[in-house]
Amino acid sequence: MITGRHYIDGQWVDGDSAKTRDILNPYDASVIARVAEGGRAEAQAAIKAARKAFDNGGWSQTPAAERGKLLFKLAELIERDHEELARLESLDTGKTVEESRWDMDDIAGIFRYFAGLADKDGGEVIESPIPDSTSTVVREPVGVCGQISPWNYPLLQASWKMAPALAAGCTIVMKPSEITPLTTLKVTELAEEAGFPKGVVNTVLGPGPEVGAELSENTGVDLISFTGGIATGKTIMRAAAANVKKVALELGGKNPNIVFDDADLALAVDYALNGVFFHAGQICSAGARVLVQNGIYDQFVKALKLRMERIVIGNGFDEKTQMGPLISADHLAKVESYVEVARKEGARLVLGGKRPNDPALQQGYFYMPTLFADCENDMRIVQEEVFGPVITVERFSSEEEVIERANSTIYGLSAGFWTRDADRMERVSRALRFGTVWINDFNVYFVQAPWGGYKQSGLGRELGKIGLEEYTEVKHVFRNHATKALNWFGA
Ligand code: NAD
């Protein structure tokens, strides 16, 4: 049985409480690991360690090139243990091992990208308007960072936070989701092996309302970075007010995928599937809300149904499997309740809407790919994040109408649209109020480009150069080197 402990101040510890948590495999609800379950005391100890490691200047004053070297080393170790990490991620989340392998490739690349960026910004010299003076702007690490990650892409989301924070010279306390901590623990081990000084990287296990709440409230934390649901994000934002912490939030999304009449229909159908069914739709940027123009609406719904019927559901370790289970019994119940809501709202169920009949899948948290057509803008199934293998399709007539409808959401994470008209590409990409807009594609991301949400999908950006800047404070240094003082008040 896999076990796991907290990593605090360079030590693996059980923590104050003797509590443990069983980690389940969503494929069959079997126990795959037993890990320590911490609370506020463990979070406080980790914050203290991170504070000491930051305030003694050791890490923040380490030349950026040296910090980069350690991150490069960590990327190498992730590559060395790539297969083990991928299998661990699939065991913990149920997603196909092929998807987990892609995640691990990305993760090594993320550490490499921020390792390379660590020493690239030497500050800026400003043209001072004052004679005989020099004005420079430098970026310095924010300090101690609390980092809270979700269960859908456990290590990927953690690495979006760990890599830039460490590159910037911050010290961190990472809290993985309590139901999927295994790969974050493994990478913490690799950080130890790479040689990060003690107190720089700390990982604390435990529930959000205790460990996460402590990180959000504690005045020893300078920045809290959170990825997860919108309600938790609001709680964290309120808690962070205690010491006016910097707050970075990556929250949910309800992401429109718009298909115009002139689109390449076959490709748009293909990508409508790619947009939703990876990891059983548990993707913050899932294109779960599809809007299709009148002229091709019926054809599109028919083609989508045919393709969705062929999705192979099963064990993520079986090479034939295309879609695994949902993460937990609670989450399965949430998806089921949304399907009920959609039925009552009058959405037309075209496919799915139930758990699979296959006897081999009854122990796990499986749900069938589900298609609702003829949906309306104000239905809850259209407006709220289901976070499961459910697509809704709406019909529209004009470009103006679809822009208005796509923007009529509290979220603003991502959107995509399909057309061959170059002028429309310009108009629509400008009009959509989302942090990422894809033209003739869906769900593409890479470390070089920023990621984050407009509106209630979040605050700040991860990835890209801006992802590093989030972990820095900006300091203006002004130096007077005039030989004569301006003796205004006279002696
Ligand atoms: P969640 O909000 O339930 O939990 C996320 C993390 O917050 C977990 O580690 C949890 O322990 C912690 N937490 C819970 N309560 C807390 C509290 N009171 N104080 C501090 N921390 C607390 O979210 P989830 O169900 O794990 O993840 C799914 C959500 O994440 C979806 O809404 C999804 O859209 C979002 N998400 C967003 C992005 C993005 O890039 N915008 C990426 C992945 C997931």
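The model shown is predicted, which means the values in this text are computed figures rather than measured ones. One-based numbering, in listed order, for ligands and for the atoms of each.
Residue Ala213 approaches ligand 1 through these ligand atoms, each under 4.0 Å from one of its heavy atoms: 19 (N), 20 (C). Every atom of ligand 1 is numbered from 1 in the order shown, and the set under 4.0 Å from a heavy atom of Gly252 is 32 (O), 34 (O). Interface of Leu413 with ligand 1, defined as ligand atoms under 4.0 Å from a residue heavy atom, comprises 41 (N). Here is the list of ligand 1 atoms found below 4.0 Å of a heavy atom in Trp451: 39 (C), 40 (O).
Surrounding CE of Met237 are at most 12 heavy atoms belonging to other residues, nucleotides or ligands under 6.0 Å away. Shown here is Lys120, whose NZ atom has more than 12 heavy atoms of other residues, nucleotides or ligands within 6.0 Å.
In this comparison of Asn255, Thr232, Leu249, the heavy atom closest to atom 2 (O) of ligand 1 sits on Thr232. Nearest-heavy-atom check against atom 20 (C) of ligand 1 across Pro207, Pro181, Gly212 picks out Gly212. The option with the heavy atom closest to atom 5 (C) of ligand 1, from among Leu251, Ile327, Thr227, is Thr227. Among Gly458, Gly208, Gly435, Ala286, the residue whose heavy atom sits closest to atom 17 (C) of ligand 1 is Gly208. The residue from Cys284, Pro150, Ala231 that puts a heavy atom closest to atom 42 (C) of ligand 1 is Cys284.
The protein non-hydrogen atom at the shortest distance from atom 35 (C) of ligand 1 is Gly228 O, 3.2 Å. The nearest heavy-atom contact from the protein to atom 25 (O) of ligand 1 is Trp151 NE1, 2.8 Å. Scanning the protein heavy atoms around atom 7 (O) of ligand 1, the nearest turns out to be Phe226 CE1, 3.1 Å. Looking from atom 11 (O) of ligand 1 to the surrounding protein, the closest heavy atom is Glu178 OE1, 2.6 Å. In this structure, the protein non-hydrogen atom closest to atom 32 (O) of ligand 1 is Glu385 OE1, 2.7 Å. In terms of protein heavy-atom proximity, atom 23 (O) of ligand 1 is nearest to Gly229 N, 3.3 Å.
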Please determine whether side chain to side chain contact (heavy atoms under 4.5 Å, CB included) holds for the pair Asp378 and Gln383, giving the CA-CA distance in whole Å, both sets of side-chain angles, and the decisive distance to 0.1 Å.
CA-CA 7 Å; Asp378 56 358; Gln383 290 292 336; 5.7 Å; no
Please report the C-alpha distance between Glu384 and Lys334 in whole Å, then the side-chain angles of each, then the deciding distance to 0.1 Å, and finally whether the salt bridge (Lys or Arg N to Asp or Glu O under 4.0 Å) criterion is met.
CA-CA 12 Å; Glu384 296 178 22; Lys334 178 183 156 189; over 6 Å; no
Could you walk me through whether Arg461 and Glu470 pass the salt bridge (Lys or Arg N to Asp or Glu O under 4.0 Å) test, one step at a time?
CA-CA 7 Å; Arg461 291 292 179 272; Glu470 292 274 315; over 6 Å; no
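For the side chain to side chain contact (heavy atoms under 4.5 Å, CB included) criterion with Val204, the lone passing option out of Ile47, Val211, Val13 is Val211. When the options Lys245, Lys246, Arg51 are evaluated for a salt bridge (charged side-chain N to carboxylate O under 4.0 Å, His left out) with Asp222, the one that passes is Arg51.
Below 3.5 Å of separation, one finds no N or O of Gln157 facing any N or O of ligand 1. For ligand 1, none of its N or O atoms has an N or O atom of Gly206 under 3.5 Å away. Annotation: Ser149 places an N or O atom under 3.5 Å from an N or O atom of ligand 1; distance criterion only. Not one N or O of Ser216 is nearer than 3.5 Å to an N or O of ligand 1, by distance alone.
The aromatic rings of Trp151 and His279 lie perpendicular to each other, with more than 60° between the two planes, well past the 30° mark. Aromatic ring pairs are classed by plane angle as parallel below 30°, tilted from 30° to 60° and perpendicular above 60°; the pair Trp418 and Tyr271 is tilted. Aromatic ring orientation, Phe387 versus His331: perpendicular (interplanar angle above 60°, classes split at 30° and 60°).
Residue contacts with ligand 1, taken as heavy atom pairs separated by less than 4.0 Å, do not involve Ile230 at all.
Between the side chains of Thr203 and Thr188, a donor-acceptor pair is found at a separation under 3.5 Å. Side-chain atoms of Asp92 and Thr183 include no donor-acceptor pair closer than 3.5 Å.
Ligand 1 lies out of reach of Tyr153, whose nearest heavy atom is not under 4.0 Å from it.
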